[in-house]
Q: 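Sharing a structure, written as structure tokens. Questions coming.
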Amino acid sequence: MTDAAAENSYPGERLGLPSAGSGSIARPGRRIGALAIDYAASTVIAMAFFGYDQFALPAEAGWTQFAPMMIFAALNILFLPTLGGTPGHRMLGMRLQLVGGGWVGLWRPIVRTALLCLVIPAVIWDADQRGLHDKVAGTVLVRG
């Protein structure tokens with residue numbers, strides 16, 4: 001264990017967040033659940049409005065194979081600054097805020113979503129359980 005990890009008794013301590021309850025770091029189970037809800041909703045929307053077929057081969061699907069990811073990105077960019085979280089986040093009791101608290105603005109959700117869609121930044125976490133996409137955007141996903 002590193003010295004930095006030994007100094008922190010819970011995720012979010014370095015950020016001045018509580019260890020549990022409202023305002024504490026959202027744990028991985030909730031994050032994964034919210035991601036599943038949001039991506040499932042994006043897939044249903046893509047099937048209903050863009051003719052997305054999840055069983056089509058890439059050669060047959062054409063551009064529609066990217067429809068769920070594009071809708072997922074649009075949902076994130078639309079709902080993060082307006083509702084403070086995606087529908088999945090809000091359903092599972094989470095919200096996105098700046099590290100110091102406050103509204104995330106307009107550009108941070110765009111940067112965060114672009115990195116989230118690349119996947120790798122989202123699976124690289126620090127001791128506070130913040131993904132690289134949150135660190136770059138200066139945001140933190142907390143329990144609401």
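Below, each value reflects all heavy atoms present in this structure, side chains not excepted, and no hydrogens, waters or symmetry copies. Fair warning: this is a prediction, and the values are worked out from it, not measured in the lab.
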Q: Side-chain heavy atoms under 4.5 Å apart, restricted to Ile/Leu/Val/Met/Phe/Trp/Tyr: what other residues fall into the cluster of I32, or is it alone?
A: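 The other cluster members (ILVMFWY side chains, heavy atoms under 4.5 Å, direct or chained): none.
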Q: Mark yes or no for whether R90, through its side chain, and G85, through its backbone, hold a donor-acceptor pair below 3.5 Å.
A: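 No; judged by distance alone, with no hydrogens or angles, the pair does not exist.
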Q: Does V104 offer a backbone N or O that forms a donor-acceptor pair with the side chain of W107 under 3.5 Å?
A: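 No, W107 side chain to V104 backbone: no donor-acceptor pair under 3.5 Å.
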Q: Tell me, which pairs form a salt bridge (Lys or Arg N to Asp or Glu O under 4.0 Å) where one or both residues lie in residues 95-116, sequence neighbours left out?
A: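 Only R112-D134 qualify under salt bridge (Lys or Arg N to Asp or Glu O under 4.0 Å).
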Q: Flag the pair P121 / L116 as yes when at least one side-chain heavy-atom distance between them is below 4.5 Å, and no otherwise.
A: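 With C-beta onward as the side chain, the pair stays apart.
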Q: Does the plane of the ring in W63 sit parallel, tilted or perpendicular to the ring in F50? Use 30° and 60° as the thresholds.
A: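 Rings of W63 and F50: perpendicular, as their planes differ by over 60°.
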Q: Does some side-chain heavy atom of M94 sit less than 4.5 Å from a side-chain heavy atom of T86?
A: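 Of all side-chain heavy-atom pairs linking M94 with T86, none is under 4.5 Å.
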Q: Given a cutoff of under 4.5 Å between side-chain heavy atoms of I, L, V, M, F, W and Y, with clusters grown through shared members, what are the other residues clustered with V99?
A: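 Grouped by the 4.5 Å side-chain rule, L15, L17, I25, V140, V142 form the rest of the cluster around V99.
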Q: Looking at residues at least two apart in the chain, or sitting in another chain, which of them share a ring-ring contact (aromatic ring centres under 6.0 Å, His included) with Y10?
A: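 None.
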Q: E13: what forms a side-chain hydrogen bond (donor to acceptor under 3.5 Å, both in side chains) with it, not counting sequence neighbours?
A: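 S9.
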Q: Side chain of D38, backbone of G88: donor and acceptor closer than 3.5 Å?
A: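 Judged by distance alone, yes, a pair lies under 3.5 Å.
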Q: Determine yes or no for a side-chain-to-main-chain donor-acceptor pair under 3.5 angstrom, with D126 supplying the side chain and D128 the backbone.
A: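 Judged by distance alone, yes, a pair lies under 3.5 Å.
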Q: Mind checking who shares a hydrophobic cluster with I77, ILVMFWY linked at side-chain heavy-atom distances under 4.5 Å?
A: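 ILVMFWY cluster around I77 also holds I110.
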